Chemist: 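Shown below is the structure under consideration.
Below, chains carry the letters A, B, ... as their sequence lines are ordered, and counting in each starts from 1. Computed from a prediction, not measured in an experiment: that's the story for all the values here.
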Amino acid sequence: MSKRPVHDIEKKWQERWEADGVYRAEDSGKAEKFYGLIEFPYPSGEGLHVGHPRSYVAIDAVTRKLRMSGKNVMYPIGWDAFGLPTENFAIKNKIKPQEATKGNIANFTRQIKSIGLGFDWSREVDTTDPKYYKWTQWQFLKFFNSFYDEAEQRARPIEELPAHLNKDEHRMAFKTASTINWCPRCKIGLANEEAQGGVCERCGNPVEKREKAQWMIRITKYAERLLKDLDNVDYLEKIKAQQINWIGKSEGAYVDFNISGSKNPFDKVTVFTTRPDTLFGATYLVLAPEHPLVATWLKEGDIKNQNEVQAYQSTTAGKSEMERTAEGKEKSGCVLKGIEAVNPANGENISIWISDYVLAGYGTGAIMAVPAHDERDFQFASKFELPIKYVVAPVVIDSTNPHREGKKTVTRPTVHAIIRNPKTDEILCMKWKHRDITTFVIGGMDEGEDPIEAAKREVREETGYTDLKFVEVLGGPMRADYFAAHKDENRVAYITAVMFDLVSDKREEVPASETDTHEPVWIPLNKIAKENLPPLERNYILARIMSKEAFVVTEPGEALNSGFLDGLPTWKAKDDMASWLKDEGKGDKAVTYKLRDWVFSRQRYWGEPIPIVICPKCGYVPVPEKELPLMLPDVDAYEPLDSGESPLAAIRDWVEVDCPNCGGKAERETDTMPNWAGSSWYFLRYCDPQNEKEFASQEKLKYWMPVDLYNGGMEHTTLHLLYSRFWYKFLWDLRIVPEECGSEPYAKRRSHGLILAEGGEKMSKSKGNVVNPDDVVGEYGADVFRVYEMFMGPFDQPVPWDTNGIEGVRKFLDKVWTLFDDEKNVDASEELVTLYNQSIKKMTDGIDGLYFNTCVSQMMIMTNAFVEAGGVPEAMRKGYLQILAPFAPHMTEELWSNLGMQGSIHRSAWPSYDESKLKASTFELVVQVNGKVRGKVTVDADVSEEDAKAMALKEENVVKTLGGKEPKQVIYVKGRLVSIVV
RNA sequence: GCCGCGGUGGCGGAAUUGGUAGACGCACGGGACUCAAAAUCCCGCGAUCGCAAGGUCAUGAGAGUUCGAUUCUCUCCCGCGGCACCA
């Protein structure tokens with residue numbers, strides 16, 4: 001074991017730092033501020049996990065470095081202490097959650113302090129402290145007392161709501177009966193985000209759907225802003241992607257289908273579709289079984305097969321979310337007999353179905369089914385033998401080929417080739433992929449040549465199959481006159497033809513040769529027809545260039561004799577179709593989001609009481625501000641009630657109150673808030689934690705916000721991170737958070753990788769492979785623990801714990817210590833000077849960039865060099881300790897004070913490096929011959945190109961390799977190599 | 001299926017704007033010190049051929065661009081994470 005007196009030193013300095021306020025942040029000052037943040041921990045009974053410090057130490061290193069660089073740094077800590085685990089712990093151990101929390105916080109505090117993190121403890125917050133949750137409740141009331149102004153795109157006080165609108169229908173926080181995710185084990189309702197994958201986030205139990213009156217917050221109003229503002233922040237790409245995905249924006253249109261056969265002649269079904277351009281291909285409608293119109297029609301007796309429909313409804317109602325989706329591909333459904341819908345595009349009558357593959361909560365809860373272009377609709381149609389209609393956007397091609405320009409201008413009508421592969425007997429359609437345009441094949445032809453013959457010829461040439469037998473060559477749209485002439489020959493396009501070289505605006509970017517070198521890909525025709533049909537919007541670009549003509553073709557084969565051009569409606573692209581629908585009064589453009597409103601009620605004890613009184617006369621009445629905080633009452637039993645109510649409901653003398661509005665008998669809301677409430681704004685409270693008049697003063701918010709760097713787990717991306725962004729935007733809208741702070745709370749968000757158990761598995765109590773930080777700190781001390789956590793691997797990637805690896809770090813720090821043991825004077829050789837300067841640069845850049853593992857390895861390299869040299873040159877002693885200080889704060893502080901330095905190393909000025917000394921005066925010039933390293937020559941750093949080349953050509957092994965041959969080319973890369981080509 | 005991220009020795013991982021692949025650490029092998037062990041120190045450590053000098057092959061696979069590719073382009077395979085009957 002090390003001779004290094006680890007624990008005494010660490011304890012001594014931890015106490016000294018605290019006494020001296022080394023890490024205290026000033027709320028103002030000349031220095032530029034830096035707000036570094038880690039997700040405040042949930043103080044569980046299990047204590048700190050080795051995963052927590054990975055994040056804490058990393059941001060600690062960053063903030064220490066920046067503090068030394070002269071920034072006014074705030075690095076606060078607090079406790080996210082409300083929540084289920086503590087409540088369950090309390091129930092099990094028969095103690096109060098308040099007591100359990102107190103004990104857990106004390107334990108976490110002890111553990112965190114033992115690691116020597118530079119937190120400003122004077123700003124500690126605790127979400128369960130009434131002084132804190134007073135403001136959480138106050139902010140909830142702001143939600144209750146606000147509405148979202150769509151025109152201004154921001155939240156405003158409810159008093160400003162136009163008088164003709166009902167306030168209760170527009171509050172940002174509102175209570176409503178809705179279908180929610182219910183965890184039968186935890187006995188609480190869950191937000192969508194907490195029930196991902198159909199299981200409870202806390203306990204893993206499958207969630208059920210349940211009708212329940214719940215407080216909701218209109219996060220959906222912010223969907224667009226939450227999405228768009230991601231452009232203005234520096235988040236890890238995967239974080240953005242995950243949020244974008246979760247918000248789930250789709251653009252498309254609402255389409256109204258009139259109903260025939262129902263008693264009410266004004267009945268209509270509105271569907272949402274992202275593909276209004278496929279409207280002609282809609283062959284039936286599907287409604288969610290819960291769709292309100294179904295109930296209406298049943299009531300009115302419009303539906304002739306009532307029993308069947310009701311039976312289907314009750315089977316799906318009985319299924320949990322898991323069951324509904326787990327069944328996977330097999331579709332089920334039930335037709336509604338007696339009524340039909342009218343396709344607004346072509347007036348066709350189509351059948352109406354209900355099926356659970358249509359979700360009640362998304363879009364309008366109804367879809368138009370286009371089996372030709374949607375896999376799910378296709379499955380459904382196949383199962384119930386419903387018609388399938390292909391929508392094809394043909395393009396009339398009558399163009400000159402720009403690539404042949406200058407040689408010979410050729411008119412190239414398109415022809416589709418559909419051939420039989422003579423080897424496999426498979427029917428194929430030829431397709432090219434060129435940039436983002438999928439092209440189907442196309443024969444070029446010379447003037448005067450028959451297009452179909454030309455296509456055959458070209459296909460033969462392209463494929464090399466000279467004996468191709470053409471099953472059918474389909475005359476594509478071609479020129480109208482050509483088409484007219486061939487119509488009676490039954491040549492019909494049912495696959496779109498597109499020519500890539502018609503994209504005029506991109507044409508010149510593509511070298512002519514490129515188009516000719518593309519290998520054709522052969523794919524089965526049926527595959528194209530069902531899945532790979534080219535996106536029509538692409539065709540549309542081309543269509544618009546080339547032609548106004550377009551049409552719809554039905555099932556292949558069917559249309560052959562139908563004279564399909566006659567009287568068919570004109571195909572339209574997405575946007576045009578949407579505008580057409582709008583003009584006709586049959587629909588409109590629409591945008592939908594997957595994001596749902598935030599279920600904000602929890603039927604549990606250990607949370608912030610929702611400060612609302614329910615009055616039989618006045619409705620929902622907010623608890624007056626001056627009565628906040630609305631304290632959680634002491635109770636004896638915390639068990640959730642089987643009725644699904646909060647334990648608070650049982651405390652009658654707390655529940656029964658006078659209405660703050662009319663003074664009549666009323667009752668308190670007994671639901672509490674989710675633990676995401678307190679964590680949605682804690683970073684604001686850190687700015688001004690003691691303030692009793694406001695949640696934080698405007699002045700201090702202006703100074704500290706936004707957070708400059710926020711690190712936390714990926715698991716919070718669609719929970720805490722999304723919620724707090726939303727919460728912050730809301731407060732910002734009301735200007736409770738000053739406008740100057742900006743619309744986003746976190747300028748930069750990073751995420752650390754998980755620490756896995758030895759062997760790569762996840763650490764878990766049940767597997768008994770959990771590493772306890774106390775043990776590690778106890779054995780090796782905090783510095784070794786810290787450096788090891790930073791050295792393990794890239795910060796953002798998961799890494800397994802390695803007991804041997806930590807030994808290596810211990811050896812490293814022992815070496816550093818020994819170097820300062822006897823202060824032998826060592827000359828500052830050029831090599832050491834270079835290395836020293838490089839190391840400062842590496843630390844300076846590496847810490848900013850969060851490349852901690854390579855920072856540590858650089859320190860090891862430098863240390864090894866000092867060991868070899870026999871000591872640290874005097875001039876480098878200070879700087880060497882300083883750049884190591886962010887990682888090993890205790891040891892460096894001790895050595896710093898041993899050097900006789902005044903004041904803490906952590907308040908000393910970060911060393912700078914000498915740009916001119918980053919490179920040695922000589923370097924090894926690498927000589928390559930034909931791309932292979934054949935020799936090395938040591939040359940001066942400022943060697944001239946001529947000299948370098950000359951020396952390279954003289955190198956022994958190079959001469960040998962060249963064997964007298966004359967170099968064709970000699971390339972010199974400054975400061976690196978000479979490359980000789982023979 | 002969609003989105004994101006990866007694939008480099010026995011392992012964790014390095015490699016600046018394309019320029020000596022395998023830094024640093026671990027493990028392993030050999031040696032020194034020791035009665036012995038631990039600790040510490042020294043040497044070696046991708047594969048392969050060779051006594052050696054040196055050569056050849058190697059960054060998931062295959063092509064391409066280049067004097068030169070782990071890095072850039074294309075195609076494909078595999079792994080991880082997230083979402084998922086979202087119309």
Chemist: Would one find more than 12 heavy atoms of other residues, nucleotides or ligands at under 6.0 Å from atom NZ of A:Lys762?
Modeler: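 For A:Lys762, atom NZ is not crowded (no more than 12 foreign heavy atoms under 6.0 Å).
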
Chemist: What nitrogen or oxygen pairs link the protein and nucleotides 60-62 of chain B at under 3.5 Å?
Modeler:
none

Chemist: As a quick check of understanding, evaluate salt bridge (charged side-chain N to carboxylate O under 4.0 Å, His left out) for A:Glu915 and A:Lys841, giving each step before the final call.
Modeler: CA-CA 9 Å; A:Glu915 196 82 43; A:Lys841 180 171 165 52; 5.4 Å; no

Chemist: Answer yes or no: side-chain N or O of A:Lys331 and base N or O of B:rC85 forming a donor-acceptor pair under 3.5 Å.
Modeler: yes

Chemist: Between B:rG62 and B:rG44, how far apart are the P atoms? Round to whole Å, please.
Modeler: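 It comes out at 33 Å once rounded to the nearest Å.
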
Chemist: Give every pair of a protein N or O atom and an N or O atom of nucleotides 23-27 of chain B that lie under 3.5 Å apart, one pair per line with the distance.
Modeler:
| from | atom 1 | to | atom 2 | distance (Å) |
| --- | --- | --- | --- | --- |
| B:rG25 | OP1 | A:Asn864 | ND2 | 3.1 |
| B:rC26 | OP1 | A:Lys811 | NZ | 3.4 |

Chemist: Quantified in whole Å, what is the C1' atom distance between nucleotide B:rG19 and nucleotide B:rU66?
Modeler: 12 Å

Chemist: Taking the P atom of each, how far is B:rG54 from B:rG4, in whole Å?
Modeler: 48 Å

Chemist: Would you say the side-chain atoms of A:Lys331 pair up with the backbone N or O of A:Phe384, donor to acceptor, closer than 3.5 Å?
Modeler: no

Chemist: Between A:Tyr780 and A:Tyr788, is the gap from one ring center to the other below 6.0 Å?
Modeler: no

Chemist: Between A:Val799 and A:Val981, just flag the one whose closest nucleotide in RNA chain B comes earlier from the 5' side.
Modeler: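 The residue mapped nearer the 5' terminus is A:Val799.
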
Chemist: Quick one: are A:Leu287 and A:Val358 in side-chain contact, heavy atoms under 4.5 Å?
Modeler: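 Not touching, per the 4.5 Å side-chain cut-off.
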
Chemist: What's the gap between B:rG6 and B:rG12 when it is taken at their C1' atoms, as a whole Å value?
Modeler: 15 Å

Chemist: In whole angstrom, give me the gap between the P atoms of B:rA58 and B:rU70.
Modeler: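 Per the computed distance, 10 Å lies between those P atoms.
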
Chemist: Return yes if the base of B:rG81 and the side-chain atoms of A:Gln242 contain a donor-acceptor N/O pair under 3.5 Å, otherwise no.
Modeler: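 A donor-acceptor contact between them is absent.
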
Chemist: Determine the interatomic distance between C1' on B:rU71 and the same-named atom on B:rG64; round to the nearest Å.
Modeler: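 My reading of the C1' atoms in B:rU71 and B:rG64 gives 15 Å.
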
Chemist: Checking A:Gln858 against A:Ile883 for the side chain to side chain contact (heavy atoms under 4.5 Å, CB included) test, could you report, in this order, the C-alpha distance in whole Å, the side-chain angles of both residues, the deciding distance, and whether it holds?
Modeler: CA-CA 11 Å; A:Gln858 181 69 31; A:Ile883 57 178; over 6 Å; no

Chemist: From A:Met790 CE over to A:Arg54 CZ, what is the distance, rounded to the nearest 0.5 angstrom?
Modeler: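 Those atoms lie 6.5 Å apart.
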
Chemist: Base, sugar-phosphate or nothing for A:Ser979? Non-hydrogen atoms, less than 4.0 Å.
Modeler: base

Chemist: Under 4.0 Å between a side-chain N/O of A:Ser250 and OP1 or OP2 of B:rA87, yes or no?
Modeler: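 True: A:Ser250 side-chain N/O within range (under 4.0 Å) of B:rA87 OP1/OP2.
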
Chemist: Determine whether the side chains of A:Lys815 and A:Asn864 contain a donor N or O and an acceptor N or O closer than 3.5 Å.
Modeler: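 A pair is found: one side chain offers a donor N or O, the other an acceptor, under 3.5 Å apart.
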
Chemist: P atom, B:rC85 versus B:rA14: distance in rounded Å?
Modeler: 37 Å

Chemist: Please report the C-alpha distance between A:Glu224 and A:Lys249 in whole Å, then the side-chain angles of each, then the deciding distance to 0.1 Å, and finally whether the salt bridge (charged side-chain N to carboxylate O under 4.0 Å, His left out) criterion is met.
Modeler: CA-CA 8 Å; A:Glu224 186 61 35; A:Lys249 180 178 181 174; 2.9 Å; yes

Chemist: Which part of the nucleic acid, if any, lies within reach of A:Val271 when heavy atoms closer than 4.0 Å are counted: base, sugar-phosphate only, or nothing?
Modeler: nothing

Chemist: Under 4.0 Å, heavy atoms only, any strand: does A:Lys238 hit a base, just the sugar-phosphate, or nothing?
Modeler: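 Sugar-phosphate: the residue A:Lys238, judged by heavy atoms under 4.0 Å, touches backbone atoms but no base.
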
Chemist: Report yes or no: do A:Thr592 and A:Tyr362 form a side-chain donor-acceptor pair below 3.5 Å?
Modeler: yes

Chemist: In Å, rounded to the nearest 0.5 Å, how long is the span from OG of A:Ser979 to CG of A:Asn930?
Modeler: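 Here the rounded value is 8.0 Å.
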
Chemist: When the C1' atoms of B:rC78 and B:rG30 are compared, how many Å lie between them, rounded to an integer?
Modeler: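 Looking at atom C1' only, B:rG30 and B:rC78 are 39 Å apart.
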
Chemist: If I take atom CD1 in residue A:Ile354 and atom P in nucleotide B:rA87, what distance separates them, rounded to the nearest angstrom?
Modeler: 22 Å

Chemist: Which word best sums up how the rings of A:Trp353 and A:Tyr284 line up, parallel for under 30°, tilted for 30 to 60°, or perpendicular for over 60°?
Modeler: perpendicular

Chemist: Does the protein touch nucleotides 42-57 of chain B at the base, only the backbone, or not at all? Give it as B, S and - per nucleotide, heavy atoms under 4.0 Å.
Modeler: -------------SSS

